[in-house]
Every structure is written in C-alpha cells, then in structure tokens.
Number of protein chains: 2
Amino acid sequence: MKITIKTIAKLAGVSIATVSKVVNGKDQNITEGTRNRVLKVIKENNYVPNRIASSMVTKKTKTLGLVIPDIANPFFPEIARGVEDKAKDKGYNVILCNTDNDIEKEEGYIEMLQEKMVDGIIFTSSSRRKNVSQSLLKLHIPVITVDRNIEGLKTQGLVRVDNEIGAYDAVKYMIDRGYKKILHITGPIASRPTRERLKGYKRALESNNIAYDEKLVFEGSFSSDWGYECIDKIISNDIEFDGIFCGNDLIAMGVIKELKNHKLKVPDDIGVVGFDDIYLAVMIEPELTTVRQPTYEMGYKAAELLINTLEEKEIDQNDYMLKTTLIIRNSTK
Amino acid sequence: MKITIKTIAKLAGVSIATVSKVVNGKDQNITEGTRNRVLKVIKENNYVPNRIASSMVTKKTKTLGLVIPDIANPFFPEIARGVEDKAKDKGYNVILCNTDNDIEKEEGYIEMLQEKMVDGIIFTSSSRRKNVSQSLLKLHIPVITVDRNIEGLKTQGLVRVDNEIGAYDAVKYMIDRGYKKILHITGPIASRPTRERLKGYKRALESNNIAYDEKLVFEGSFSSDWGYECIDKIISNDIEFDGIFCGNDLIAMGVIKELKNHKLKVPDDIGVVGFDDIYLAVMIEPELTTVRQPTYEMGYKAAELLINTLEEKEIDQNDYMLKTTLIIRNSTK
DNA sequence: ATAATTTAGTTAAACGTTTACCTTGGAGAT
DNA sequence: ATCTCCAAGGTAAACGTTTAACTAAATTAT
C-alpha cells in the first residue's frame, strides 16, 4: 500500500496539515512531542513526500532544464557540471537535453521542458540558429543563455566570455613571438563566438599593421576532423603560413596531428593556438597554447543567476562577461 | 491569466474531458469537427498541458534519473548521451546527478529522485561503495546499474562490459608483442571493474607461464595524475619493466606523458595499453592502444532496458554483458 | 416500429500535497 | 470570575489533469 501524508497523519494521530508542516520545517507551532511522533512514524514507514503533488500547489518544480548541443562534446561537460553543482546546492535538479545543434530538436525540448513545468532553463542554442522562432518567443519561463545569446530573444540573463579579446590576445601573442603569416581556422561562422573571435583576429592583425586577408580564414566546424581536413586543403593549395589560430581546441588538435603527418614541426615551423582549454589540451604533444574559457564557472554562474531570478533575489547585472586567459604552453615558441 | 485545460474547454465549448482526449490522441470518439475546433483554440491560446498534473493522476513522470560519479570525467558523457538519446526517443527526460563517488551525495540524489517520482533510475555507483545501504534497499523504483553492480541490491538489470576478457586480451597482446615485464597500474581496487581487470591481467600472465607478482601492481585512482605519480614512484624505486597495462585511458595518458619526461620511448622502450578508448585516445602521441568499451551503447542499452521494464515489455535478459574490443594503435609495438 | 448497439461526448472522483483561515483550550491580566 | 490573547493544531479548498462510468442521440438490426 502506498504511504502518503494521510497514512502518516492517521498513524501519528494528527492532521495532514501537521505532517506537512513538520516535513517542511514550518513547525514553529508544533510541540516537540508532536514533531517527534510524526518524525518517528515517517521514519518507521519510510515515507517519501511526493514532490509532484507539492509542485501542483506551490507551482514550483525545483527543476531546471539544461539545453546544450552535445554533452559528448568536451566543451559542455564542464558547463553541465557547473550548472548541476550550483543547482544541487540550492535544492534544484537539472534535466539534460542534447540538441545536436538541430533547431527542431531544440524547440522540441523547450516545449517538453515547459510541459514539465521546469522553473527555468539554461540554454546554449544551436550554432546554426540565425534568429528567434515563434516557439521561442512564446516561452514564458526564465531563460539564461550561455556562451551565445539569441538574437531577438529577451532572456533573464547571459553568461559568456569576451571572445574578441580572447582572440585578440592570442593573435597578438603569436605576432609578438615572431609568427608572420597567421591563418585562422574557424568554427561555423553562423555562431556568434566564431564571429567575435574572427573580429579579434582581425583587430590584432590590423593593430600590428598586418593586412587582413580573407583568403587566410577558413570556415568549418568545431571538430578535430575539420582541423585535419583543412590542413590538407591548405597544404595542397600551397598556401604559405607559419602560424594558425584555431577556433577551438578540437580544431587545433586536428591541426597539430595533421601538421605532424606532413612533417611540419610545432612550434618551430608552425605555431598553433587553440581556444577553450579543454581537458585534453595538456595531454597532447606539444601541450597546446590556448585561450582558456572558464567553462565550469560559466555553468555555475548561469545557474546562480537563474536561481536568483527565480527566487527574486536582487540581481545586479544580468549580462556576465567572463574573462578568458591566454595559457601559454608549447605549441607556440 | 493561466491557460489551462479549462480555458480551452470553455473556449471550444466542450468539456475538459474532450480536450484531454484530443491532447492525448485518445480521440477515436471525437469528430473531426470537434477535434479541429479544440486544436484551433489550443494553438490560438498557446496552451501547454501541465504534465505535473498529468503525473498526479497517471503516476508516471516520464522522467528518468541518471546517477553517475562525474559528467566531467570523459568516461561518462558518452554514457549520458546514450541514455538521453534512447530516453528522448521514447518520450522520457533525464535528470543528471553527479555524485563525485561520494556515498552520501549518492543517497541524497536517490532520495531526491524518489521524491520527484522519476519512473526509473540508471545508476553507476561510487567506486568506493562496498555494499548496499539501508536507503538503497528501501528504494522502490526500478534501477538499472551500469558498469558496476551493487553487491546485495537486486535491480531491474545490469549493463556492463566483460572487463576480465578485455584485460586478458590486452595483456595477452602485449605478451605476444614481446613485452616481458608488464606492470599493472589500476584504479581503486574497491571498484569491481578494477578487480575484474586485475583478474584478466593475472590470467593472461599465468596462462603464458609468467609468474604473477603483486609488487608489479599499483593501486590508485582513475586519473591521469595517478598515472604521473605512479611512474615517478616506479622509476625512483628502480623497478624494472617494459610494459604497462593501465586501468583506464586517463591513467595511460598520465603514464605516457611522464614516461616521455623521463626520456623513455613509447612504444619502443615501454609499451602502454589503456582501457576505455575515450575520445582523447587518438589525440595523443603516440595514439593509444586500448581496450574499447562501447560506452554510448551501454547508456543506450541501459535506457532501453529500463524503459522496457517500465512499460512492461517482455525482457529476454536483464544482465547485458557487452564486448570490449582491443584497439591497436601506436603505444605498443 | 422497436430494440440493440454504437458514437460522441459529459460528469465527477481521484491523485497527494500546501496553506489560508478557523477552532479550541489554557495562561495571564484585571 | 471573566476577558483577552496566544499556542497548537485542524479543516477544507485548490492545484490541473485523467479516466471510469454515465448519458443522449444516432445508427443498425430485427
């Protein structure tokens, strides 16, 4: 037989209201004796309160949605971890949704999360998304976007990194170290971070009196395969270069591997810099010089921001721009 | 104003039962006309059914719990992805829980998940867990364990890999390739996979007439740090060796890095084999020879098994032992 | 023409809580 | 002794659905 609050009330000889009060710690007006009696019966009968029923009346589920492209992409686990840690700390759970950068999946999940009455959503949208859709505009629960905002959607907040400065710093460093002809192998240009990094790349070049040449920029995807592929293309096209600034670490890793296959030495012949500083960056040879993003902190901050708006805490700002750090290792001389 | 099923019913001029039926597709007895009218009103008013309320009456939440040590550990994202994919496919969501191998956190989550009335749980328990606890025994929702079972807990199923054979194959291969003195650097011995891999290691040695020497086995944790550290210890103790079978890939990566620092060449001086075949395995130099675990499939299968028991489909077996594959790359000669 | 069945819906109870408001008994004040 | 007030707890409505059981009308069978 199902043990509900009624069972406990009957067994303890009190009303269900009293049980509810002791379960939820709203027990200022409950005597020590009654409280202990109730607690004892609860323990004996192994009563587990049904939070679905609570949610019905409180209209809070204490659940957050986390919508990201792919948890198996090394960029996201740290974010997820940050989100989950803060959430747990505040008594929330998180529902994980992988969209594969697919707009339809994305909207399907948003719908599902709304139906499940999550209190809020943390959202890294598809890099393919150009603009808001009807279904996003209809959304009536708080959203914090991470890494990328969504053009035209007003959210409760945004947590990101200064991609332009990150890229600028990286390219500036390469120039300072004597690299002369620096390519940029990017992720998908539809993604805002990609565009911002490109901007930083340009600006670093220009402020050092190096002409920007769009033939030295190669647009692809955030994967190591794109790194391999692009190097092959570049080499077979006899493009001259001695440095590569990559859109992310995955690309950089593909690049380094393929450079080695072509007997080019990193960092002596070619300098390579990545972006993200994923876990793998120190495992490869040479260790990757890269622009570190504080991914864990981004997730953590996003959850914090979201929960604060949910609980109507004062929020001093809702657009957090976190700092990147240039991590100098051995893929640059 | 909140749009509920009542609003729709009133606007469409039908009863809430009718609305419920069309929303849920139980509309055999609804005329085309009525259905369209209801659907139109739903769309116009942007009605989103409240699944919390549904859950109250159906006693199903269509939500699964996924309890793992740490999503940021490269072994788990693929599992999570497998779980989530199958779950989505069947109309379920998944709540992510990171336990950090902490028994208390683990039990805290289990409690939370029960309160939130998840339909089932997929669980990779702490490698530190020795046996069932009271709170686990009280659990009354279906559980599938992944990778490791829990001694004394009867679950709805178990999905794992044949660790012993995997280890046996790896060590056998090393012996065949001419490595003579093969160390084994393990994860925590409390974890069952560690013990099974150790068994495979022993068996491979013995069936090739090499005496097993427990001084050549080093117990630690599943991290690259442990790999570094252990190599230092081994070298400063002047232990002789020409091969290392590592408890997982992370350890192997730490090992390879530190071996390089000591000017030992992999695979010529020392052969190294890992376990798992995580994403990084091909990114390092030399590419890692390792025992591949089908992690995505494990997650996928676990979710499938769980959902089948939830939906009372016939299940032919509830203990899935998946096969490992020895992936030969360049860290062995 | 009447009875039986089918179709297209409606009614109302139930799910397990929370919480605003009410009741009761006793302590303290006068 | 009476009044006031407070402490301790009870009552009952409400949350938004699903679904078994019911009804009324239309169709089919006899």
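Below, each value reflects all heavy atoms present in this structure, side chains not excepted, and no hydrogens, waters or symmetry copies. A note on names: the letters A, B, ... follow the listed sequences, proteins ahead of strands, and every chain is numbered from 1. Keep in mind it's a predicted model, so treat the numbers as computed, not measured.
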Can you tell me the distance, in whole Å, between the [atom1] atom of [X] and the [atom2] atom of [N]?
X: B:Met117; N: C:dG16; atom1: CE; atom2: P; value: 9 Å
X: B:Lys116; N: C:dT17; atom1: NZ; atom2: P; value: 15 Å
X: A:Glu115; N: D:dG16; atom1: CD; atom2: C1'; value: 13 Å
X: A:Ile5; N: D:dG9; atom1: CD1; atom2: C1'; value: 14 Å
X: A:Lys6; N: D:dG10; atom1: NZ; atom2: C1'; value: 15 Å
X: A:Gln114; N: D:dG16; atom1: CD; atom2: C1'; value: 16 Å
X: B:Lys60; N: D:dT19; atom1: NZ; atom2: C1'; value: 14 Å
X: B:Asp27; N: C:dA8; atom1: CG; atom2: P; value: 11 Å

Side-chain heavy-atom pair A:Val67, A:Ile122 within 4.5 angstrom cut-off: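 Not in contact.
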Taking OP1 and OP2 of [N], is either one under 4.0 Å from a side-chain nitrogen or oxygen of [X]?
X: A:Thr31; N: D:dG9; value: yes
X: B:Asn29; N: C:dT6; value: no
X: A:Thr34; N: D:dG9; value: yes
X: B:Lys26; N: D:dT18; value: no
X: A:Lys2; N: C:dG16; value: no

Is a donor on one side and an acceptor on the other found under 3.5 Å between the side chain of [X] and the backbone of [Y]?
X: B:Asn73; Y: B:Phe75; value: yes
X: A:Asp119; Y: A:Leu64; value: no
X: B:Asn50; Y: B:Ala53; value: yes
X: A:Thr58; Y: A:Ser54; value: yes

[atom1]/[X]: more than 12 non-hydrogen atoms of other groups inside 6.0 Å:
X: A:Lys60; atom1: NZ; value: no
X: B:Glu44; atom1: CD; value: yes
X: A:Gln134; atom1: CD; value: no

Interface with DNA chain C, restricted to residues 41-55 of chain B and to heavy atoms under 4.0 Å: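 Within residues 41-55 of chain B, no residue comes under 4.0 Å of DNA chain C.
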Any residue of residues 7-22 of chain A with a heavy atom less than 4.0 Å from an atom of DNA chain C: A:Ile16, A:Ala17, A:Ser20
Cationic tip of B:Lys88 above A:Tyr109 ring, under 6.0 Å, 45° of axis: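 Judged by the rule, B:Lys88 and A:Tyr109 form a cation-pi pair.
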Selection from C:dT18, C:dA14, D:dG9 that lies nearest to any side-chain heavy atom of A:Val57: C:dT18
Terminal helix-axis angle for the helix from C:dA1-D:dT30 to C:dT30-D:dA1, with five pairs defining each axis and rounding to 10 degrees: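 The value is 40°.
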B:Lys86 versus B:Ala303, closest heavy-atom pair with distance: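 For B:Lys86 versus B:Ala303, the nearest heavy atoms are CB-CB, 3.6 Å.
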Pair A:Lys116-B:Asn93, side-chain donor/acceptor within less than 3.5 Å: yes
Ion pair A:Glu106/A:Arg128, N-O distance below 4.0 Å: no
Residue mapping more 5' on DNA chain C - nearest nucleotide basis, B:Lys59 or B:Gln28: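 The 5'-side residue here is B:Gln28.
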Along DNA chain C (nearest heavy atom to each residue), the more 5'-positioned of B:Met56 and B:Ile30: B:Ile30
